[in-house]
Colleague: 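Dropping the structure in here first, questions after.
In this chain, numbering begins with 1 at the start of the sequence shown. Note that the structure is a prediction, hence the values are computed from the model and not measured. These numbers come from the heavy atoms of this one structure, side chains and all, not from hydrogens, waters or symmetry mates.
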Amino acid sequence: LSLYLAELRAAPAWLTATFAAGVVVEVLVMTRVGRWTDTHGRRPALLLSFLLLPLRLLLYIPATLPIHVLLVQTLHGLNFGIVGTIAVVFVNDTASDETRGSAQAELAGAIGLAGAIAPLVCGYLVERFGIDTMFAAMSGVAALAAALFAWF
């Protein structure tokens, strides 16, 4: 997002505001989503997050002003507010007492691997094809993940 905002010639304060908006929404979601999933289940919340992610990534493409980017970034707060808390609980719910530790390690490994690979792939796509193509490609990957989650 910092590169995208720089491309839009946004003042540095927009970067701070954009990340702050996402984090505020994330914290608000994190403080409420656990209680909601205790009543309605983990899968619906995770599915909402998985379905929202491709849309959010596509919404960055037509965002031509810093305020547009900020508004789209608030959806990140919804995405990560759900996934950041409920993925751990979901793994705990679905693993047995004997496999819970290894299941948590697999989740942490997948998150770490994605955190290492995604910036490399996204950086390559941006340099080679442009930021809009990167957002579209990541939206496609996210849509595939949503389909796999919904299917399985």
Colleague: Grab the two heavy atoms, one from Y4 and one from I61, that are nearest each other, plus how far apart they are.
Modeller: OH-O, 3.4 Å
Colleague: Determine all donor-acceptor pairs shorter than 3.5 Å in which one atom belongs to a side chain in residues 100-126; sequence neighbours excluded.
Modeller:
from: R100; atom 1: NE; to: N92; atom 2: O; distance (Å): 3.3
from: R100; atom 1: NH1; to: D97; atom 2: OD1; distance (Å): 2.8
from: R100; atom 1: NH2; to: N92; atom 2: O; distance (Å): 3.1
from: R100; atom 1: NH2; to: A95; atom 2: O; distance (Å): 3.0
from: S102; atom 1: OG; to: T99; atom 2: O; distance (Å): 3.0
from: Q104; atom 1: NE2; to: V88; atom 2: O; distance (Å): 3.2
from: Q104; atom 1: NE2; to: N92; atom 2: OD1; distance (Å): 2.7

Colleague: Calculate, to the nearest 0.5 Å, the distance between atoms CZ and OG1 belonging to R56 and T74 respectively.
Modeller: 9.5 Å
Colleague: Give a yes or no on whether F19 and M30 share a hydrophobic cluster (residues Ile, Leu, Val, Met, Phe, Trp, Tyr; joining criterion: side-chain heavy atoms under 4.5 Å apart).
Modeller: no
Colleague: Cluster question for you: counting only ILVMFWY and a side-chain heavy-atom cut-off of under 4.5 Å, with indirect links fine, are F152 and L144 together?
Modeller: yes
Colleague: State the CD-CG distance between Q73 and N79, to the nearest 0.5 angstrom.
Modeller: 9.5 Å
Colleague: For the CG atom of L3 and the CD1 atom of I131, what is their distance to the nearest 0.5 Å?
Modeller: 6.0 Å
Colleague: Answer yes or no on whether R43 is positioned over the face of F149, meaning its NZ or CZ is under 6.0 Å from the six-membered ring centre and within 45° of the axis.
Modeller: yes
Colleague: Taking all non-hydrogen atoms of both residues, which atom of A146 and which atom of L47 are closest, and how far apart?
Modeller: O-CD1, 4.4 Å
Colleague: A side-chain contact here means heavy atoms from C-beta on lying under 4.5 Å apart; do L8 and L65 qualify?
Modeller: no
Colleague: How close do G34 and T37 get, heavy atom to heavy atom, and via which atoms?
Modeller: O-OG1, 3.0 Å
Colleague: Would you give the length of the straight line joining atom CG of L57 to atom NE2 of H76, rounded to the nearest 0.5 angstrom?
Modeller: 10.5 Å
Colleague: Verify the cluster assignment for L55 and V69: are they in a single hydrophobic cluster under the rule of side-chain heavy atoms below 4.5 Å apart?
Modeller: yes
Colleague: Check P66 against W14 and note the closest heavy-atom contact, atom names and distance.
Modeller: CB-CD2, 3.3 Å
Colleague: What is the minimum heavy-atom distance between V25 and L78, and which atoms define it?
Modeller: CG1-N, 3.7 Å
Colleague: Is M138 reachable from F80 through a run of I, L, V, M, F, W or Y residues, each pair having side-chain heavy atoms under 4.5 Å apart?
Modeller: no
Colleague: Could you name each residue pair satisfying ring pair (Phe, Tyr, Trp, His ring centres under 6.0 Å) that touches residues 22-44, not counting sequence neighbours?
Modeller: W36-H40
Colleague: Of all residues at least two apart in sequence or in a different chain, which pass the ring pair (Phe, Tyr, Trp, His ring centres under 6.0 Å) check with Y60?
Modeller: F135
Colleague: Linking I/L/V/M/F/W/Y whenever their side-chain heavy atoms sit closer than 4.5 Å, directly or via other members, would V27 and V24 fall into one cluster?
Modeller: no
Colleague: Specify the closest pair of heavy atoms between L75 and L59, including all atoms of both residues, with the distance to one decimal.
Modeller: CD1-CD1, 3.9 Å
Colleague: Once rounded to the nearest 0.5 Å, what's the spacing between atom CZ of R42 and atom OG1 of T85?
Modeller: 9.5 Å
